[in-house]
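All residue numbers refer to positions in the sequence shown, counting from 1. Ligands are counted one by one from 1 in listed order, and the atoms in each one are counted from 1 as well. Keep in mind the model is a prediction, meaning the values are calculated, not measured.
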Amino acid sequence: MRKIQKILVANRGEIALRIMRSAKEMGLQTVAVFSEADRNALHVRFADEAVCIGEAPSSQSYLRGEKIIEVAKKLKVDAIHPGYGFLSENAQFAKMVEEAGIIFVGPPVKAIETMGSKLAAKEAVRAFGVPMVPGTEGAISDVTEAKKIAAEIGYPILIKASAGGGGKGMRVVENEAELAEQMERAISEAISAFGDGSVFIEKYITAPKHIEVQILGDKHGNLVYLFERECSIQRRHQKVIEEAPSPVVTPEVRKALGEAAIKVAKSCGYYNAGTVEFVMDSNLNFYFLEMNTRLQVEHPVTEQITGIDLVKEQIRIAEGKPLSFTQNDLKILGHAIEVRVYAEDPANNFLPDIGKLQTYKRPQGIGIRVDDGFEQGMEIPIYYDPMIAKLIATGKDRNEAIERMKRAIEEYQITGIETTLGFCKFVLEHEAFLSGKFDTNFVKQYFTPEKLQTLPDDDAEKLGAVLVASLLSQNHSNSNGTTSNKEHIISNWKRNRMVKR
Ligand code: ADP
């Protein structure tokens, strides 16, 4: 056991702030690191001490493991929390931290290594009786062999890169005629994205739901599951709305999911917080996909329904303390939904829309949590992930959480950039979402940009014209040569139109 008194957060934005808030509540001193682009960022202002670690591009700042460890040593930091993204799943970094005599707030290095490779993960899990998608056991490069296996498991199949992440190197193959070409493409995509061309084959689960289980384990072998999160609303294989619990999972399936997740954690000697991801078919059969060895973006929905502060638990576990609760102590209290507010334009294929937050007013009130890292007037830096905030609504049941979220989205005022808020409201009102019977194809199946613009239109057009004219004149007098321009104003107006419906 070693008490942590000072913690460095090797991250930025909303997650750096979120971690430091919990650390502060525990009486810890906090250290922020930042790039030149983040000199005035909120996480820098919040921390007790803050050190610049380099230029704006993350390769020259937030990914500089050695530099971060040097700062930690100099400031006599006891522990480093990596947050998510950046160095959080870098086994080499975790190893260097520990070799420097600093506590890494995360799992053992070995577990990061095993779960970092999809094939190694499957290999580790196989002996534990966790359901897995039918497919090849190892990497495959021979097309004739691939055709044989695909015929056995039945089309459609999925070719996946072992080193894959973020949906890259993944290809659906509908029939044998497509196989050779798709396999070649997947291999070359995997080589260029990850420097590793190993691919394998899995049965493609049609109408799949993405269901994941939060686990916590201490260094004494105790493991608990904190129920599931439903993360099937995705664009470009990336999550955008998450909720807990899943609207379709039954108590029996929940228990089976939780127990399977614990087995996955055991297979690699896991401790700290982690997430086991599953794909689920429409009959609620679930199969292990992978394990993420870090805190997840969507962790707040689990916190909201369990009352557990996951970051505090991570810190306690890192100190060597045993878990202070058992599986039987954990209960689901209500329902929580998170929408990710990205600086992106849903009407333009969700492309990033970077700029200045000319207006930025957060929603408030009962059951609303906003985890963000920006204030009005700040620029969204082009160098990092374009997520502005996570908006979380909690209610006594799913219906209340949905209604609360719709109210909060309407209350949220953001101008200067396009965001995913209007899109999220569209989803929350859609009957497939309301029924719970949706899968990862939701966006492809139901969303077109026109769906965002259904205000009846005379009044809207008139109102819009007045608004644009007044904003333009305002802009003219305030002009300071930054990102505000006519196009932005018009697109803001369009967004407001979407959100206000
Ligand atoms: P990555 O690490 O690139 O994110 P994952 O293995 O986590 O890859 O898969 C990403 C997404 O692809 C999942 O959320 C799931 O929706 C979908 N997916 C993965 N494997 C399958 C499968 N066998 N069948 C259907 N969908 C799948």
If we ignore angles and hydrogens, is there a donor and acceptor under 3.5 Å between the side chains of N441 and D439? yes

Quick check: do I241 and I337 have side-chain heavy atoms less than 4.5 Å from each other? yes

Can you tell me the protein heavy atom closest to atom 3 (O) of ligand 1 and the distance? G167 N, 2.5 Å

May I ask you to list the atoms of ligand 1 that are less than 4.0 angstrom from any heavy atom of K203? 22 (C), 23 (N), 24 (N)

Check this for me - ligand 1, Y204, N or O atoms closer than 3.5 angstrom, yes or no? no

State yes or no: are the ring centers of Y446 and H430 separated by less than 6.0 Å? yes

Protein contact of atom 15 (C) of ligand 1 - nearest heavy atom, named by residue and atom, plus distance: L289 CD1, 4.2 Å

Where is the nearest protein heavy atom to atom 7 (O) of ligand 1: which residue, which atom, and how far? E290 OE2, 3.0 Å

Residue portion contacting ligand 1 (non-hydrogen atoms closer than 4.0 Å) for I205: both

For the rings on Y384 and Y62, is their centre-to-centre separation under 6.0 Å? yes

Looking at P208, which atoms of ligand 1 are within less than 4.0 Å of one of its heavy atoms? 25 (C), 26 (N)

Across all chains, not counting sequence neighbours, the salt bridge (Lys or Arg N to Asp or Glu O under 4.0 Å) partners of K406 are E403

At less than 4.0 angstrom from any non-hydrogen atom of G164, what atoms of ligand 1 do you find? 2 (O)

Counting N and O atoms only, with roles assigned by atom type, does the side chain of T440 sit under 3.5 Å from a partner on the main chain of K209, one being a donor and the other an acceptor? no

Please verify whether a non-hydrogen atom of K239 lies at under 4.0 Å from ligand 1. no

Tell me: protein heavy atom nearest atom 21 (C) of ligand 1, and distance? L158 CD2, 3.3 Å

Considering H237, E202, M170 one by one, which has a heavy atom nearer to atom 9 (O) of ligand 1 than any of the others? M170

At less than 4.0 angstrom from any non-hydrogen atom of E277, what atoms of ligand 1 do you find? 7 (O)

Which protein heavy atom lies closest to atom 16 (O) of ligand 1, and at what distance to 0.1 Å? T440 CG2, 3.2 Å

Side-chain polar contacts of residues 388-398 - donor-acceptor pairs under 3.5 angstrom, sequence neighbours left out - could you list them?
residue : atom : partner : partner atom : Å
K390    : NZ   : E14     : OE1          : 3.2
K390    : NZ   : Y84     : OH           : 3.0
K390    : NZ   : V297    : O            : 2.8
T394    : OG1  : Q304    : NE2          : 3.0
D397    : OD1  : N399    : N            : 3.4
D397    : OD1  : E400    : N            : 2.9
R398    : NE   : E243    : OE1          : 2.8
R398    : NH1  : F433    : O            : 3.1
R398    : NH1  : L434    : O            : 3.0
R398    : NH2  : E243    : OE2          : 3.0
R398    : NH2  : F433    : O            : 2.9

Looking at H210, which atoms of ligand 1 are within less than 4.0 Å of one of its heavy atoms? 13 (C), 14 (O)

Salt bridge R18-E303, side-chain N to carboxylate O under 4.0 Å: yes

Ring centres of Y204 and Y155 under 6.0 Å apart? no

Aromatic ring proximity, centroids under 6.0 angstrom, F447 and F426: yes

For atom 1 (P) of ligand 1, which candidate among M132, K160, K118 holds the nearest heavy atom? K118

